[in-house]
Amino acid sequence: MGKLGGFLEIERAGIPYRDPGERAQDYKEFVVRRSDEELAEQGARCMDCGVPFCHNGCPLGNLIPDWNDLVYRGRWQDAIRQLHATNNFPEFTGRLCPAPCEAACVLEIRENDSVTIKQIEQSIVDRAWKEGWIRPLPPKRETGYAAAVVGSGPAGMAAAQQLRRSGHTVTLFERDEAAGGLVRFGVPDFKIEKTVVERRVQQLIHEGVEVRCGVDVGIDLTVEELRESFDAVVLATGSRVPRDLPVPGRELAGVHFAMDYLYSRNRWVASEAGPRPMVGAPDPSGLSAAGKNVVVIGGGDTGADCVGNSIREGALEVVQLELLPEPPASRPDDRTPWPLWPNKFRLSYAMDEAKTLERGEQDFSVTTTSLSGAEGRVTTLHAARAAAAPPFKPVENSNFEIETDLVLLAMGFLQPEQELIDGIGCEKDGRGNIKAGTYETSSEGVFAAGDARRGQSLIVWAINEGRQCARMVDRYLGSLPSRHARPLTRAVRTGNVEPADEGPEGPPRQVPPGLGPDPAPAREF
């Protein structure tokens with residue numbers, strides 16, 4: 001596997017980024033692709049491990065040593081086949097996954113020396129798209145069963161694709177104006193350009209999945225109509241109830257949840273550069289960081305994305321606050337030994353940009369005690385140093401203030417929204433997630449996958465959940481006595497049915513193989 005002794009001869013070359021000061025001026029992806037020759041060298045570092053711990057580190061069980069070796073040998077088309085064997089959307093994970101596989105790599109026993117799995121994964125799939133190797137795979141037979149998938153994030157998209165490829169009629173419902181979930185609306189374009197998401201959505205459509213955007217299941221389509229029209233239902237609605245900040249002054253104008261801000265920014269970028277949504281989009285204006293002093297509460301990826309967007313908008317200064325103490329500079333073996341994910345400090349791409357431009361700072365062990373303002377708008381955040389252990393109470397005589405015009409709450413998510421779950425009658429666990437141990441809920445024929453089932457988690461877990469849930473749905477559908485899908489009881493507006501498709505037979509279920517040209521690249525602005 002790889003080059004014999006390659007890990008002794010070839011040094012690790014990490015993922016290269018564009019210059020922080022330069023990339024903060026636009027919304028293009030900031031990761032730079034290495035040449036095929038460099039990637040082959042990095043693939044050559046992969047050892048023929050007796051036990052490849054990277055498999056265990058990856059929730060998808062990706063066949064990492066296999067495609068590392070194939071890249072080393074220049075067999076790129078075989079590499080994408082191996083990659084797709086376990087992962088429906090490797091271009092998503094190659095851009096957005098934190099790479100627990102690299103933390104579990106045997107070479108990571110010597111810290112910071114793992115194989116650069118993530119950049120090899122992304123390069124394989126990006127080349128496959130460029131070469132035209134990724135085509136629609138419609139089923140060879142139709143089962144006659146109909147399944148609905150509610151929520152078009154990575155879990156919903158993966159479940160829909162797997163079910164369709166098994167021959168079932170699949171309808172993917174999304175309440176927003178375009179499919180992709182938080183990958184589309186929560187993650188900025190400079191981490192994943194939305195043409196990357198849209199071409200996968202188009203692949204689903206070309207395989208025969210009916211994508212219906214702008215449909216809020218439970219409101220636009222009632223639960224009764226949903227159950228009557230489909231043999232099985234998959235709930236993949238994500239974990240979208242944000243953690244709030246219960247302090248005096250929370251009601252002041254200028255205090256917003258992070259996702260409200262990120263949705264607004266992503267919609268603005270889409271209006272400027274595309275791709276076009278399937279149905280009408282809300283006005284993206286109104287929530288802006290331009291010319292403001294911004295405080296982001298929360299030190300995770302969502303908080304970093306708020307920082308990155310604020311800097312690009314022209315914020316005067318951005319301060320990112322974290323409740324927990326600053327992690328150590330290197331892996332603490334007594335707490336998170338290899339092959340566990342190491343709890344150590346990582347400077348985010350966004351704070352790197354903010355510090356390079358001298359417009360941002362990050363602080364740890366900070367708890368917000370209150371907010372105050374003038375004329376109904378926030379002007380000051382009152383904080384104190386937090387104790388090092390739960391419940392992280394304020395340290396006596398450590399109070400300080402931060403002037404601010406905009407406060408963004410990026411403190412994670414608590415649970416999925418409850419209305420649809422309660423409407424269907426699904427049993428829930430103690431945290432408000434859908435209780436579905438083997439993906440099937442307490443309601444007959446209703447399944448759950450992704451964050452709605454397991455709570456807030458990684459994109460690799462979402463895709464894995466969608467795939468595994470689809471297996472259980474397929475098994476359930478195969479046990480039903482009838483193979484006659486029931487028609488939808490009434491028309492619901494849909495995103496991928498244009499007026500030209502109207503007629504006695506409706507839109508085509510399948511199209512000739514091929515996706516056509518890739519979506520036009522985003523314009524500079």
Side-chain angles (χ1 to χ4, degrees), residues 20-21 23-27 30 182 185-191 242-269 284-324 326 347-384 386 399-413:
R23 72 186 188 232
Q25 309 306 317
D26 60 53
Y27 289 80
F30 54 72
L182 292 189
F185 293 102
V187 181
D189 278 59
F190 42 86
K191 288 174 70 174
R243 180 175 284 108
D244 209 341
L245 182 67
V247 299
R250 167 64 180 87
E251 74 284 353
L252 291 168
V255 183
H256 301 274
F257 289 118
M259 276 302 151
D260 294 339
Y261 175 66
L262 293 176
Y263 261 64
S264 176
R265 295 313 304 157
N266 275 302
R267 282 174 169 145
W268 179 83
V269 174
S285 63
L287 184 51
S288 173
K292 296 179 181 179
N293 293 309
V294 181
V295 175
V296 178
I297 302 178
D301 287 342
T302 301
D305 294 343
C306 289
V307 173
N309 267 300
S310 298
I311 290 296
R312 283 162 176 77
E313 270 202 277
L316 297 178
E317 186 177 20
V318 184
V319 178
Q320 187 176 17
L321 304 178
E322 171 59 65
L323 178 66
L324 300 175
E326 182 174 350
L347 182 67
S348 72
Y349 75 91
M351 194 49 61
D352 189 17
E353 295 166 356
K355 290 186 174 183
T356 298
L357 297 173
E358 298 182 344
R359 286 160 51 198
E361 62 179 283
Q362 187 174 17
D363 203 355
F364 294 86
S365 293
V366 176
T367 181
T368 302
T369 56
S370 66
L371 300 163
S372 62
E375 299 180 355
R377 292 198 61 85
V378 66
T379 59
T380 307
L381 181 143
H382 303 269
N399 299 328
F400 62 96
E401 297 178 353
I402 303 174
E403 292 185 8
T404 180
D405 308 300
L406 177 64
V407 177
L408 300 175
L409 308 180
M411 302 179 296
F413 300 88

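The structure presented is a predicted model; accordingly, all values stated were derived computationally and were not measured.
- Here the straight-line distance linking atom CG of Leu245 with atom CD1 of Ile297 works out to 5.0 Å at 0.5 Å rounding.
- With Thr356 contributing its side chain and Asp352 its backbone, the two residues share a donor-acceptor pair below 3.5 Å.
- More than 12 heavy atoms of other residues, nucleotides or ligands lie within 6.0 Å of CD in Glu251, so this atom counts as buried by the packing criterion.
- Within the model, atoms CD of Glu322 and OG of Ser365 stand 8.5 Å from one another, a figure rounded to the nearest 0.5 Å.
- Here the closest non-hydrogen pair linking Gly249 and Val255 is O-CG2, 4.5 Å.
- With contacts defined as side-chain heavy-atom distances shorter than 4.5 Å, the pair Asn266/Asp189 qualifies.
- Taking the six-membered ring where tryptophan is involved, the planes of Tyr263 and Phe185 are essentially parallel, since the angle between them stays under 30° and well short of 60°.
- A 4.5 Å side-chain heavy-atom check between Leu406 and His256 finds at least one atom pair inside the cut-off.
- Heavy-atom minimum distance, Ala258 versus Cys306: CB-SG, 3.5 Å.
- A 4.5 Å side-chain heavy-atom check between Arg23 and Phe190 finds every atom pair outside the cut-off.
- The shortest side-chain heavy-atom distance between Glu317 and Glu361 falls under the 4.5 Å cut-off.
- Atom CD1 of residue Ile311 and atom CE of residue Met351 lie 7.5 Å apart, to the nearest 0.5 angstrom.
- The number of heavy atoms from other shown groups lying within 6.0 Å of CD (Glu403) does not exceed 12.
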Test side chain to side chain contact (heavy atoms under 4.5 Å, CB included) applied to Arg243 and Leu409, step by step
CA-CA 8 Å; Arg243 180 175 284 108; Leu409 308 180; over 6 Å; no
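- With contacts defined as side-chain heavy-atom distances shorter than 4.5 Å, the pair Thr368/Val407 does not qualify.
- Tyr349 and Asp301 form no side-chain donor-acceptor contact under 3.5 Å, judged by distance and modelled atom types alone.
- Across all non-hydrogen atoms, the minimal contact from Ala289 to Val294 is CB-CG2, 3.8 Å.
- Across all their heavy atoms, Val269 and Tyr27 have their closest contact at CG2-CD2, 3.6 Å.
- Counting only heavy atoms from C-beta outward, the side chains of Glu313 and Trp268 never approach each other to under 4.5 Å.
- The closest donor-acceptor contact from the side chain of Thr369 to the backbone of His382 lies under 3.5 Å.
- Side-chain contact between Met259 and Leu182: present, with at least one pair of heavy atoms (C-beta onward) separated by less than 4.5 Å.
- Atom CG in Leu321 sits 11.5 Å away from atom CG in Leu408 (nearest 0.5 Å).
- Remark: the backbone N or O of Ala315 is paired with a side-chain donor or acceptor of Arg359 at under 3.5 angstrom.
- Thr404 places a side-chain N or O within donor-acceptor distance of the main-chain N or O of Asn293, the cut-off being under 3.5 Å.
- Of all heavy-atom pairs between Phe400 and Val366, the closest is CZ-CG1, 3.8 Å.
- Put simply, CG on Asp26 and CZ on Arg312 are 7.0 Å apart, with the number rounded to the nearest 0.5 Å.
- At least one side-chain heavy atom of Gln25 sits less than 4.5 Å from a side-chain heavy atom of Leu357.
- Atom OG1 of Thr379 is separated from atom CG of Leu371 by 9.5 Å, given to the nearest 0.5 angstrom.
- Counting all heavy atoms, side chain and backbone alike, Val378 lies closest to Asp405 at CG1-O, 3.8 Å.
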